[in-house]
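Below is one structure, written out as structure tokens, with a few remarks after it.
Values below: every heavy atom of this structure, side chains too, minus hydrogens, waters and symmetry copies.
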Amino acid sequence: MNFETVMQELEALGKERLKKMYISNGAHEPVFGVATGAMKPIAKKIKIDQALAEQLYATGNYDAMYFAGVIADPMYMTEEDFERWIDGAYFYMLSDYVVAVTLAEASIAQQVADKWIASGEELKMSAGWSCYCWLFGNRPDHEFDPEKVSIMLDQIEKTIHDAPERTKASMNNFVYTAGISYFPKHEKALEIAHAIGSVEIKRPNKKSSIVNSAESIQKDLDKGRLGFKRKYVRC
């Protein structure tokens with residue numbers, strides 16, 4: 001399938017209700033409003049096509065950018081490619097659920113995520129912390145340095161309440177994911193989660209949301225999910 005055909009199919013799948021929901025979360029035109037599940041038949045036809053993914057991502061169309069992440073080849077992408085993608089990610093649904101997810105399947109994931117976390121830029125930091133969440137939930141524990149993870153948890157305890165809003169959300173999720181999916185630092189993550197307590201995340205034109213990683217960890221522990229790993233990062 002070529003670029004024009006994919007764009008036509010995505011536009012045909014658009015729903016006004018979903019378009020409004022995406023816009024309420026920060027998307028802006030152009031956007032079709034395609035359900036992610038509705039993209040799967042197109043993805044099955046294409047599988048992996050990095051050149052097409054680049055064309056789609058460059059459109060600035062939210063649905064096309066999301067689909068680009070589905071068909072991208074993360075092992076082919078360079079650090080410069082990921083920098084270009086994060087620069088184009090103008091709101092959290094792109095930074096955390098497209099770019100960070102795609103990066104999590106690359107061999108350079110931790111290296112790039114570390115740079116983003118240290119960048120001081122809200123969406124880059126959010127994507128960096130989010131990438132580790134996807135990594136913890138998929139990669140074997142031995143791929144991570146426990147001392148490094150411990151330092152990252154300490155950093156979150158000291159800075160989360162003063163961090164930018166989207167970064168707060170991803171930091172909180174890092175603590176939760178480390179507590180459930182990274183067994184070597186389960187106890188430390190739970191300790192940090194209790195120390196942090198509830199975190200308020202302010203959202204434009206919406207009510208603030210309150211998240212609590214300690215409560216989330218405990219819920220999953222009660223369900224016997226300690227050590228949970230998913231087979232794939234991307235659906």
Side-chain angles (χ1 to χ4, degrees), residues 14-37 39 57 60-69 85-104 113 116-137 152-153 155-180 189 192-220 233-235:
K15 304 290 183 186
E16 191 62 28
R17 176 183 61 82
L18 284 176
K19 179 176 179 175
K20 287 179 181 177
M21 186 188 77
Y22 294 155
I23 289 174
S24 74
N25 279 288
H28 58 56
E29 294 285 5
V31 53
F32 298 140
V34 183
T36 56
M39 296 179 180
Y57 198 85
N61 176 295
Y62 169 68
D63 305 280
M65 294 171 83
Y66 187 98
F67 189 67
W85 278 39
I86 194 64
D87 286 342
Y90 64 86
F91 79 122
Y92 80 95
M93 287 174 68
L94 290 170
S95 62
D96 295 5
Y97 301 116
V98 177
V99 184
V101 172
T102 307
L103 176 60
W116 291 351
I117 288 169
S119 71
E121 298 176 41
E122 181 173 9
L123 290 182
K124 277 192 174 183
M125 292 190 292
S126 181
W129 291 111
S130 288
C131 181
Y132 270 96
C133 298
W134 297 110
L135 289 169
F136 285 148
M152 294 171 83
L153 287 165
Q155 178 185 346
I156 290 174
E157 181 185 4
K158 293 172 186 171
T159 63
I160 188 169
H161 291 289
D162 296 317
E165 302 307 316
R166 282 313 313 174
T167 309
K168 276 185 193 176
S170 296
M171 284 176 151
N172 186 79
N173 201 31
F174 179 100
V175 177
Y176 156 72
T177 314
I180 291 299
I192 295 295
H194 282 295
I196 290 168
S198 294
V199 177
E200 180 183 13
I201 300 167
K202 296 173 183 174
R203 301 178 296 171
N205 307 315
K206 289 187 178 184
K207 276 186 173 182
S208 296
S209 59
I210 305 295
V211 293
N212 187 300
S213 53
E215 292 177 359
S216 298
I217 290 170
Q218 191 56 55
K219 283 179 184 176
D220 272 10
V233 178
R234 292 181 295 173
C235 297

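- Side-chain atoms of T159 come within 3.5 Å of backbone N or O of Q155 as a donor-acceptor pair.
- Among residues two or more places apart in sequence or in another chain, the side chain to side chain donor-acceptor pair (under 3.5 Å) test is passed with K206 by N25.
- Listed by chain and residue number, nothing satisfies the ring-ring contact (aromatic ring centres under 6.0 Å, His included) test with H161 (two or more places apart in sequence, or in another chain).
- Across all their heavy atoms, L94 and A89 have their closest contact at CB-CB, 3.8 Å.
- The CG atom of L153 sits 11.5 Å away from atom NZ of K158, with the distance rounded to the nearest 0.5 Å.
- Below 30°, between 30° and 60°, or above 60°: for Y90 and H28 the angle between ring planes is below 30°, a parallel geometry.
- Side chain of D63 to backbone of G33: a donor-acceptor contact under 3.5 angstrom is found.
- Aromatic ring centres of F91 and Y62: separated by under 6.0 Å.
- Separation of the Y57 and F67 ring centroids does not fall under the 6.0 Å cut-off.
- Closest of all the heavy-atom pairs between S213 and A193 is OG-CB, 3.3 Å.
- Partners of Q218 under the side chain to side chain donor-acceptor pair (under 3.5 Å) rule, at least two apart in sequence or in another chain, are D222.
- Residues Y66 and M39 meet the side-chain proximity criterion, which asks for heavy atoms closer than 4.5 Å.
- Rounding to the nearest 0.5 Å gives a distance of 6.5 Å between CD1 of I196 and CD1 of I156.
- For D220, the side chain to side chain donor-acceptor pair (under 3.5 Å) criterion is met by Y176, R225, not counting sequence neighbours.
- Closest approach of S198 and I210 over heavy atoms only: CB-CG2, 3.7 Å.
- At least one side-chain heavy atom of S209 sits under 4.5 Å from a side-chain heavy atom of R203.
- Between S95 and I86, the closest side-chain pair of non-hydrogen atoms falls below 4.5 Å.
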Tell me, with the steps shown, if F174 and F136 meet ring pair (Phe, Tyr, Trp, His ring centres under 6.0 Å).
-> CA-CA 9 Å; F174 179 100; F136 285 148; 5.2 Å; yes
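- Residues passing the salt bridge (charged side-chain N to carboxylate O under 4.0 Å, His left out) test with E122: none are found, sequence neighbours excluded.
- Note that the NZ atom of K168 and the CD1 atom of I160 stand 8.0 Å from one another [nearest 0.5 Å].
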Can you give the donor-acceptor pairs under 3.5 Å from side chains of residues 16-24 to other protein atoms, not counting sequence neighbours?
residue, atom, partner, partner atom, Å
K19, NZ, E29, OE2, 2.8
Y22, OH, V34, O, 2.7
S24, OG, M21, O, 2.6

I'd like a table of donor-acceptor pairs (distance under 3.5 Å, sequence neighbours excluded) in which one partner is a side-chain atom from residues 126-133, with atom names and distances.
residue, atom, partner, partner atom, Å
S126, OG, D96, OD1, 2.9
S126, OG, D96, OD2, 2.7
S126, OG, R166, O, 3.4
S126, OG, S170, OG, 2.8
S130, OG, D96, OD2, 3.4
S130, OG, S126, O, 2.9
S130, OG, S170, OG, 2.9
Y132, OH, Q110, OE1, 3.4
Y132, OH, D114, OD1, 2.6
Y132, OH, K148, NZ, 2.6

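- Residues passing the side chain to side chain contact (heavy atoms under 4.5 Å, CB included) test with E121 are S119, K124, sequence neighbours excluded.
- Distance CD1/I217 to NZ/K219: 12.5 Å, rounded to 0.5 Å.
- Distance OG1/T167 to OH/Y92: 14.0 Å, rounded to 0.5 Å.
- In terms of the side chain to side chain contact (heavy atoms under 4.5 Å, CB included) criterion, residue partners of H194 (sequence neighbours excluded) are, by chain and number, L190, A214.
- Qualifying side chain to side chain donor-acceptor pair (under 3.5 Å) partners for W116, counting only residues two or more places apart in sequence or in other chains: E83.
- The main-chain N or O of E165 is never found under 3.5 Å from a side-chain atom of K202 such that the two would form a donor-acceptor pair.
- How far CG of N212 is from CG of N172: 7.5 Å, rounded to the nearest 0.5 Å.
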